[in-house]
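Because the structure is a prediction, the values reported are computed rather than measured. Letters A, B, ... mirror the listed sequences (proteins, then strands); counts begin at 1.
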Amino acid sequence: MSTPRAKPKYYLTTPLYYTNGMPHIGHTYSTIVADTIRRYKRMRGFEVFMTTGADEHGVNVERSAQKAGKSPQEFSTEIAVQWKRLWDDLGVPGDEFIRTTDEKHHRTVQWLFKRCRDNGFIEKGHYTGQYCVHDNAYVVDAGPGDACPDCGRPTETVTEENYFFKLSEFQQKLLDFYAANPDFIQPESRRNEVLSFVNGGLKNLSITRTTIRWGIPVPGEAPHVFYVWFDALIGYLSAVGGPSYDERGLWPADLHIVGKEIIRFHAVYWPAFLMAADLPLPRQIWAHGWLLFDSEKMSKSRGNVVRPRPIVNALGIEPLRYYLLREIVFGQDGSFSYDALVTRYNSDLANGLGNLASRTLTMIERYFGGEIPKPTPARDRESDAPGTADFANEALTKVMHLYDRFSFSLALESIWEIVAMIDKYITVQKPWALAEKPEDRERLATVLYTAAEGLRIATALAHPVLPQATQKIWVQLGQTEPLAGIQLDFLSWGQLKPGTKTGKPEGIFPRVDKSETIARIETMEQEQSKAPEAPAAAAANTPSGPVAAAAPAAAAPSSKIGIEDFAKVEMRVGQVKTAERVTGADRLLQLQVDIGDEVRQIVAGLALAYKPEDLVGRKVVVVTNLAPRKLRGVESNGMIVAASLPDGAPVLAGFLEEVPVGAKLK
RNA sequence: GCCGGCGUAGCUCAGGGGUAGAGCGAGGGUCUCAUAAUCCCUAGGUCGUGAGUUCGAGUCUCACCGCCGGCACCA
């Protein structure tokens, strides 16, 4: 009963992110990849639908909510709203933000459960595990007698009745399915892992709990709620119709993008659930790798979690998109560093694409009054630009092929070969010299047409990765149809119409100073991390505090707060006792600061403006009630208040009169 | 412990039997349309260690060292 559609559909998903914390760069990566595919598929003529969302149930949310003094629903909603807002702000919202607390999702889960049960794949059984009575939760991986890792109290061995999904019956069916669909699990290495896991035998899966309250109720089975995977995974289906999935014709999903750590749930449990319910299976599961920061996995305990907002505030979302897709081979782990990010930005975006647009459009403006000149193809293509058009046309085919395989880094590499080719072409042809001789007017026209046309092709191809910037160049090239609506299949050399009025050349990617930009990102990161991870942190706000530098990209206006908010911040006069550089960090100083009743260790981003020895003995303003945080592996217990100059350099706040150490500010 | 992967120029990585590659960074040069951008030249790296197969090995085999992943939560 699917409605007839003109275009083939393409349905893809990101994971539904757990609302127990805020997004970091890894989540951002997943979503950016999905958004890029979404945009690319649209340019290939697909009707695309993308789902992202929030996984909200479970003990962890329950407990975090309790700590925050809120109901799980209230707590989870606040976090979910922030996730959604982040994706909106980053321009990667998808088409549906499904929440596992949505009524339609509850309905779908209960419906799927019934189908599985009716088909005989659900049974009652007993789950036995180590249970912490104090925390009201099972302790995974604990043996009898082990202590609870959270509260240290001994755990008890508890057995509860719950429902099991007969996963063991699907071992052979899954193996057959994998064999029949060799591309189902990507990349290859993950596929092999899954295969060996399934080959090793499958145990039945406990899918309900009676000890958890915060979950979807099992209909007619009062204390039971669904447990983890027989909840979140089903969101992919809830988002596109649930029980009536057939009406929208979007199911099965064409692609689930996941992180490598959750591949098994997607590649084993999920297809088994669907088989049990007699529903179509998704076509592909793609597991990407992790972003390693300084070669380490990101984690809160290491204090090296990278958040998207500071980067976006300092550089913009597009450089981040470009970096993640260009630098990291999709499917493999990749290293993330601010240094590489800014380097990529300057060399590829500012000096590469941005500069090519700038020089090309400037010359067209100057020599042809802002009109695309008319080329004289035959002769010039022979003598001046052998193979230019062919090169671009071949690159076009190649890039689409690479995008199809999600080989983003190779696709971008190929696009940038076009940029380099045109750059070289311009250098060889010397249009500025041609412009001086009236008899070279025709050649000049051809050269600039060629440059503009090469730029146009590269711009169109880069659009899925750089949606806004390429649209700007597109407009500057005088194109009126939105670039997002261009079909790549119909793109080819020579479509640029002579006489088209070009727009004013404007810098798309202004070059930035590397160390200053990194300093700014780190400062903002520091600011943001100091705020607790509670909803009140309002990650949407650019830190408007003393060290928030003028950011070219975003710089959200600071919102008004009441006196009661301000009163939460405790500031005191401190005196620097010792100061030294933090190794491996350009701008961080590790300080011991006397704040009256104690000496605090504080790591501050002051090294660009102050020498350690100049700070010793100096009185500073210290925010004393910030949550501790590690910077470059060094714990920081507070924050030094400073003004921030436009170039990012800090200037310490101080007093004109003598003040005693430890005095409070208000 | 079992299974798998990786270790190549300062950095990130490609190459999988026959005279060591790319991009970035760095050094030198060129041009001047352009965002001090572009373009050209330069990198002499025991291709983790040792042994073996071969006329010939980053490239195949074995052993060893180091790092990482899966087998057990997390983008």
**Study point:** Of A/Val419 and A/Glu261, the one whose closest RNA chain B nucleotide lies more 5'
**Key:** A/Val419
Review point. Among B/rC71, B/rG69, B/rA34, which nucleotide sits nearest the side chain of A/Arg359?
Key: B/rA34
Point to revise | Nearest listed nucleotide, side chain of A/Glu193, among B/rG69, B/rA34, B/rC33 | key: B/rG69
Practice item. Could you check which of B/rG69, B/rU12, B/rC33 has an atom nearest any side-chain atom of A/Glu327? Key: B/rU12
Exercise for review: Mind checking A/Asn351 for me? I need base, sugar-phosphate or nothing, with any heavy atom below 4.0 Å counting as a touch.
Suggested key: sugar-phosphate
Point to revise | Residues A/Lys514, A/Thr343; criterion side-chain hydrogen bond (donor to acceptor under 3.5 Å, both in side chains); working and verdict | key: CA-CA 7 Å; A/Lys514 189 197 277 186; A/Thr343 300; 3.1 Å; yes
Exercise for review: Starting at atom CD1 of A/Ile263, determine the distance to atom P of B/rG69, rounded to an integer number of angstrom.
Suggested key: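 In whole Å, B/rG69 P lies 17 Å from A/Ile263 CD1.
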Check your understanding: A/Ala420 has a side chain; which of B/rC74, B/rC33, B/rC39 sits nearest to it?
Key -> B/rC39
Review point. Between A/Tyr322 and A/Arg344, is there a cation-pi geometry (under 6.0 Å to ring centre, at most 45° from the normal)?
Key: no
Practice item. Grab the NZ-P distance between A/Lys472 and B/rU35 for me, whole Å please. Key: 16 Å
Exercise for review: Give the nucleotide from the list B/rU35, B/rU38, B/rA75 with an atom nearest to the side chain of A/Trp290.
Suggested key: B/rA75
**Study point:** Secondary structure string for RNA chain B (Watson-Crick or G-U under 3.5 angstrom, | for other-strand pairs)
**Key:** ((((((((.[[[[.)..(..]]]].((((.........)))).....[[[[[..)....]]]]])))))))....
Check your understanding: Do the two ring centres, one from A/Phe330 and one from A/Trp286, sit under 6.0 Å apart?
Key -> yes
Review point. Are A/Trp87 and A/Tyr17 near enough that their ring centres are under 6.0 Å apart?
Key: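 That pair passes the under 6.0 Å test.
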Practice item. Output the single nucleotide from B/rC73, B/rC39, B/rA75 whose closest atom is nearest the side chain of A/His27. Key: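 That would be B/rA75.
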Check your understanding: Is there a side-chain contact between A/Glu442 and A/Lys374 (heavy atoms, below 4.5 Å)?
Key -> no
**Study point:** Shortest side-chain distance from A/His288, nucleotide among B/rA75, B/rC33, B/rC24
**Key:**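 Selected nucleotide: B/rA75.
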Check your understanding: Of the nucleotides B/rA34, B/rG25, B/rU38, which has the atom closest to the A/Asp423 side chain?
Key ->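 Comparing B/rA34, B/rG25, B/rU38 against the side chain of A/Asp423, the answer is B/rU38.
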Exercise for review: Quick one: classify the glycosidic conformation of B/rG28 as syn or anti, with syn meaning within 90° of 0.
Suggested key: anti
Review point. Over how many whole Å does the gap from A/Asn346 atom CG to B/rU35 atom P extend?
Key: 15 Å
**Study point:** A/Thr362 side chain, from C-beta outward: closest of B/rC39, B/rA34, B/rG69
**Key:**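 Given the options B/rC39, B/rA34, B/rG69, the side chain of A/Thr362 is closest to B/rA34.
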**Study point:** Results of ring pair (Phe, Tyr, Trp, His ring centres under 6.0 Å) for A/Tyr29 - residues two or more places apart only
**Key:** A/His288
Point to revise | Residue A/Arg366, side-chain atoms from C-beta onward, closest of B/rA34, B/rU35, B/rG70 | key: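 Looking only at heavy atoms from C-beta outward on A/Arg366, the closest nucleotide is B/rA34.
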Review point. Hey, are A/Glu261 and A/Trp290 close enough side-chain-wise for a donor-acceptor pair under 3.5 Å?
Key: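 Judged by distance alone, the side chains do pair up.
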